[in-house]
Amino acid sequence: MRSPCSLKQEFLKKWIMGIQRCNFSKKKLSILERKKAIKLSADVAMASLRNGTTCWSRALIAKAVNQGNDEKHDLVQQMVKKAPIRSVSCNKRMMRSKKILKRSCGVRRRKCAAQASTRPSSIAKRLVRKRTRILKSLIPGGEFMNEASLIEETLDYILSLRAQVDVMRSLAIASENQS
Amino acid sequence: MNRALPEMLQCSDMTVLQRQRARLKWQTEQLRQQNYFCELSGVFTSQTGFQQGGLMNGAGGGDSVLSNMGMSRQLKPDPGLETAWPELGKINMGFGSCGYGNGPSFDMNHAISRTSSCPPAVAAAVGSKPVEVKGNSEKMGSAVGRESFKKRKVEKLQNSKVVAEDEYKRIKASEEEEEESKITGPNTIKISNNKKQNSGDTSKDNSKVSEVQKPDYIHVRARRGQATDSHSLAERVRREKISERMKYLQDLVPGCNKITGKAGMLDEIINYVQSLQRQVEFLSMKLATVNPSLDFNIDNLYAKEEFPSCTTNFPTVGMAPEMTNHSPFLQFNPIQQVVSGCGVEMGMGMGMNSSDMALRRTISAPVSIPDASFLNTTCFTGPQQQIQPSAPWEVELQNLYNVAFTDTIEASDLEMEM
């Protein structure tokens with residue numbers, strides 16, 4: 001397990017690099033734009049640290065690429081370095097096909113759900129299923145995973161988020177102290 | 001008669017083959033159901049049909065041999081068994097190159113550790129060491145390959161169990177002791193019923209054997225009183241994998257130690273992930289306000305990168321030199337912010353409160369540096385669940401204090417350009 005501190009340091013470097021690249025392109029940004037740029041570069045930096053090994057990182061990068069305009073596209077590409085854009089487009093296609101599959105499966109499932117009983121075990125199952133659905137919506141790219149890999153992705157995602165929060169917080173505090 | 005077999009099975013001296021031979025002999029004496037065997041052979045052919053290509057033909061042939069033997073009730077399972085196993089072995093080799101290594105070995109590590117009556121000799125002989133090494137080196141992040149491998153693995157599980165299954169089904173049929181087994185009597189056994197009724201079973205912990213044959217895929221043996229068909233076995237493997245990962249999550253998410261159910265755990269995980277995401281949003285907004293031109297100070301960066309260990313140490317160091325130069329009143333603010341930030345994090349709340357609390361606390365009594373540092377360590381170790389030894393930390397603090405201090409002095413005004 002790679003050490004959390006080296007993770008944080010790598011994240012910080014990539015993130016600062018991304019922010020500086022944002023900065024060079026534009027002169028005056030509104031506060032919301034700034035916030036978005038910061039958040040975007042932070043997320044992409046976090047995701048790029050995984051080098052495409054986890055599903056959530058790929059999905060995050062794909063989302064960033066989809067949302068952004070050309071500038072951000074370049075930014076993301078530079079940050080991730082590898083040549084992820086190819087895999088990102090593959091991801092898009094995969095996601096589209098999976099969506100179609102899910103839609104077709106969902107119809108069948110709704111019919112079964114109509115016959116739900118009131119036994120405690122089925123209530124528990126329903127709860128678990130509902131919460132799994134919520135978790136899938138939280139984790140980027142989570143809708144297309146089965147349960148076991150979802151939990152793994154959650155683990156990795158939580159670790160990355162934690163590192164991200166720690167670094168951001170310390171940077172925020174440091175920059176506050178200096179100003 | 002019913003007692004003899006379990007005792008034999010638990011004997012740790014016999015090898016797998018010997019044990020199975022003994023079992024088969026015992027079974028053929030016991031069972032009288034022609035019906036059952038017919039269905040078995042039917043199932044096997046359907047299952048072998050389910051397999052990929054002609055690879056399983058060998059094993060399929062072995063199976064039909066076995067079932068035929070069973071039907072005629074001749075005591076010739078051994079050659080059948082022996083022919084089946086080596087063929088399976090060959091097939092394993094073929095499939096082994098698929099790079100299963102990571103996924104199944106992860107579970108196998110767990111499976112080995114869990115067995116109670118499983119003869120450790122057998123498991124060790126099979127080469128648990130490479131398995132364990134693989135298991136230990138497995139990272140959480142390699143989920144991608146595993147997804148595709150999982151499907152294949154489930155198929156392979158069913159493949160591999162073809163030979164082993166008939167024996168266990170016969171055991172199952174004869175052991176009518178457990179209530180969990182919804183197979184009522186040997187005469188009414190139907191494989192299709194098994195699949196329906198037992199797929200929803202919760203596993204009891206009368207653990208017999210969960211054995212590892214090869215590091216490439218899992219050989220799961222049915223536990224006592226449980227379903228033995230491939231679907232439920234595969235599903236049990238899946239369930240165990242999930243529960244194992246939930247245990248990891250329990251360690252990661254704070255406050256989950258007391259919660260045992262899946263639903264409760266999921267709830268905590270959801271709350272935690274949501275709060276982390278909200279914190280990221282808030283912090284990025286905060287950074288946007290603090291930093292109108294989006295450049296981050298090089299000195300700031302430089303001081304940060306001094307840190308060989310955690311970056312969380314930075315705030316105290318950044319503050320420490322300034323405290324000697326600023327007026328005492330201004331010192332409180334940054335310390336309080338850090339402290340209150342820590343406190344809030346401990347409570348898993350939003351960082352939004354920190355500025356309010358800081359304002360409230362500026363009127364309070366002075367906080368000395370050692371106190372603040374102490375608070376800081378406890379605060380930051382709490383949520384992170386790491387125990388940082390205070391002694392080396394303080395030594396580092398001293399070093400960094402010196403470096404940062406010299407930097408800030410050279411800058412000659414403590415307001416860095418932002």
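Here the structure is a predicted model, which is why all the values come from computation and not from measurement. All chains are named by letter (A, B, ...) in the order of the sequence lines, taking the proteins before the strands, and each is independently numbered beginning at 1.
- Under the rule for a side-chain contact (heavy atoms from CB on, under 4.5 Å), the partners of Glu281(B) that lie at least two apart in sequence or sit in another chain are Lys35(A), Lys39(A).
- Side-chain N/O atoms of Tyr157(A) and Glu152(A) include no donor and acceptor closer than 3.5 Å.
- Between chain B and the residues Lys130(A), Arg131(A), Gln164(A), Met168(A), the largest count of heavy-atom pairs under 4.5 Å involves Arg131(A).
- Atoms CG and CG, on Leu171(A) and Leu287(B) in that order, are 5.0 Å from each other to the nearest 0.5 Å.
- Ser57(A) does not touch chain B: none of its heavy atoms, backbone or side chain, sits under 4.5 Å away.
- For the salt bridge (Lys or Arg N to Asp or Glu O under 4.0 Å) test, no residue two or more places apart in sequence or in another chain qualifies with Glu268(B).
- Within the 4.5 angstrom heavy-atom criterion, atoms from both the backbone and the side chain of Met246(B) approach chain A.
- Listed options Leu266(B), Ile270(B), Thr289(B), Ile269(B) were ranked by heavy-atom pairs under 4.5 angstrom with chain A; first place goes to Ile270(B).
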